Amino acid sequence: MLEKLKQEVLDANKMLPEYKLVTFTWGNVSGIDRQSGLVVIKPSGVPYETMTRDDLVVLDLDGNIVEGHLNPSSDAPTHLEIYKAFKNIGGVVHTHSNWATCWAQSCRDIPAYGTTHADFFYGSVPCTRPLTKQEVESAYEKETGKVIVETFNTRGIDPEAITGVVVNKHGPFSWGKDAAEAVHNAVVLEAVSNMAYHTELINHGCTPIENYLLKKHYLRKHGPNSYYGQK
């Protein structure tokens, strides 16, 4: 079942240690088949180096196991809430990468200070509000997904223009058109998190990138008249 998607998700999970986004098994990637509404996700706690395609778990959007002999990632309910709300994405990744997690633990948005950020994110990467005690104790992972969606809805952020978030006191989530692109965006998120920290360290009074420059850099890569790269 979904063998092509399983291979894509397996390959994407194995990219996490390759790009130094995880320590031990602190991260997970999933992918969705929109036609069937089924999600393939990493099994909980299984090392990336030994994981095989047969270890991956297939879930429906209600979290029921459709195929697989292992427990799915404990973050699966978060992934499912993101898929249900952001209809045009095909892959989700969660890590505890160092720099993005520092911003999450600091409870701060990651400001867009320069064109490197603007090439990939059309504005600051948001930090969610804290989860309440009731949310944590009732359905923690599901509520984590819901607060991500709430953040984008209440702030009017397009999840296809800003493909990542830092969850308050927790860590980053990223997404993309497929599992590989989700990991790509997680790598970029970690890079701009590092740059933003050091920008503030060098200049305590630094200000975000001018909106006209942000717009130019983002749209030249992602806009309807984009001209970056080869056609």
Side-chain angles (χ1 to χ4, degrees), residues 2-33 38-59 68-83 86 89-105 110 116-117 119-121 125-128 140-141 144-145 148 159 162-197:
L2 302 176
E3 296 306 312
K4 181 175 182 294
L5 181 60
K6 285 180 182 177
Q7 188 62 51
E8 292 172 0
V9 171
L10 178 66
D11 292 343
N13 272 286
K14 288 179 179 291
M15 290 167 67
L16 298 183
E18 178 183 347
Y19 286 99
K20 296 179 170 55
L21 292 176
V22 295
T23 302
F24 300 122
T25 59
W26 302 355
N28 41 76
V29 184
S30 68
I32 188 170
D33 175 63
L38 297 178
V39 171
V40 175
I41 194 165
K42 179 187 180 291
S44 181
V46 174
Y48 304 97
E49 60 270 20
T50 61
M51 187 168 50
T52 68
R53 193 165 62 185
D54 291 338
D55 293 329
L56 300 177
V57 186
V58 180
L59 305 172
H69 63 282
L70 297 172
N71 293 328
S73 166
S74 57
D75 295 303
T78 309
H79 289 238
L80 299 181
E81 290 301 312
I82 294 172
Y83 285 126
F86 302 161
I89 68 169
V92 174
V93 57
H94 171 50
T95 74
H96 290 262
S97 59
N98 289 349
W99 293 104
T101 300
C102 286
W103 287 90
Q105 293 181 167
I110 304 168
T116 307
H117 185 121
D119 278 340
F120 296 95
F121 302 110
V125 175
C127 180
T128 69
Y140 173 56
E141 291 83 5
T144 298
I148 291 171
I162 298 180
T163 55
V165 66
V166 288
V167 176
N168 200 292
K169 299 289 178 69
H170 186 166
F173 284 81
S174 300
W175 47 84
K177 67 182 180 182
D178 53 30
E181 186 175 87
V183 175
H184 175 273
N185 292 337
V187 173
V188 175
L189 179 59
E190 179 67 358
V192 300
S193 298
N194 185 335
M195 291 177 188
Y197 169 80

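Everything numeric here is computed off the predicted structure, so don't read it as measured data.
The stretch residues 17-26 participates, sequence neighbours left out, in no side chain to side chain donor-acceptor pair (under 3.5 Å) pair at all. Identified under the salt bridge (charged side-chain N to carboxylate O under 4.0 Å, His left out) test for residues 41-59, with sequence neighbours left out: E3-R53.
Shortest non-hydrogen contact noted between A104 and C127 is O-SG, 4.4 Å. The two residues S30 and A179 come nearest to each other via the heavy atoms O-CB, 3.9 Å. When all heavy atoms of T101 and G171 are compared, the pair lying nearest together is OG1-CA, 4.1 Å. Of all non-hydrogen atoms in A196 and I110, the two that sit nearest each other are CB-CG2, 4.0 Å. The minimum heavy-atom distance between G31 and L5, with the atom names listed, is O-CD2, 3.8 Å. Here the shortest heavy-atom pairing between L189 and V165 reads CD2-O, 4.3 Å.
The salt bridge (Lys or Arg N to Asp or Glu O under 4.0 Å) check on E8 picks up K4, with sequence neighbours excluded. Residues forming a salt bridge (Lys or Arg N to Asp or Glu O under 4.0 Å) with E190 (at least two apart in sequence, or on another chain): none. Residues meeting the ring-ring contact (aromatic ring centres under 6.0 Å, His included) test with F121, sequence neighbours left out: H117. For P77, the side-chain contact (heavy atoms from CB on, under 4.5 Å) partners are E141, K142, not counting sequence neighbours.
No more than 12 heavy atoms of other residues, nucleotides or ligands lie within 6.0 Å of OH in Y197, so this atom counts as exposed by the packing criterion. For H170, the NE2 atom sits in a packed shell: over 12 heavy atoms of surrounding residues, nucleotides or ligands are nearer than 6.0 Å.
Ring planes of H96 and H94: perpendicular class, angle over 60° (limits at 30 and 60°).
Looking only at side-chain heavy atoms (C-beta outward), V22 and S97 stay at 4.5 Å or farther from each other. Residues L21 and M15 form no side-chain contact, since every pair of their non-hydrogen atoms from C-beta on lies 4.5 Å or further apart. Looking only at side-chain heavy atoms (C-beta outward), S174 and T163 stay at 4.5 Å or farther from each other. Residues I148 and V167 meet the side-chain proximity criterion, which asks for heavy atoms closer than 4.5 Å. Taking the side chain as every heavy atom from C-beta outward, M195 and T116 approach each other to under 4.5 Å. Contact of the P159 side chain with the W175 side chain is registered, since non-hydrogen atoms from C-beta on lie closer than 4.5 Å. Under the 4.5 Å side-chain criterion, counting only non-hydrogen atoms from C-beta, F173 is in contact with I82.
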Exercise for the section: Output, in order, the C-alpha distance, side-chain angles, deciding distance and verdict of side chain to side chain contact (heavy atoms under 4.5 Å, CB included) for N71 and V57. Expected result: CA-CA 7 Å; N71 293 328; V57 186; over 6 Å; no
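One N or O on the side chain of W103 and one on the backbone of S193 form a donor-acceptor pair closer than 3.5 Å. Looking only at distances, no side-chain donor or acceptor of K6 sits under 3.5 Å from a matching main-chain atom of T52. A donor-acceptor contact shorter than 3.5 Å is absent between the side chain of D178 and the backbone of G90.
Summarising the geometry, atom CG belonging to L56 is positioned 7.0 Å from atom CG belonging to N13; distances are rounded to the nearest 0.5 Å. The distance from atom OG1 of T144 to atom CD of E81, rounded to the nearest 0.5 Å, is 10.0 Å.
Of the options I41, T95, V93, a side chain to side chain contact (heavy atoms under 4.5 Å, CB included) to V29 is made by V93 and by none of the others.
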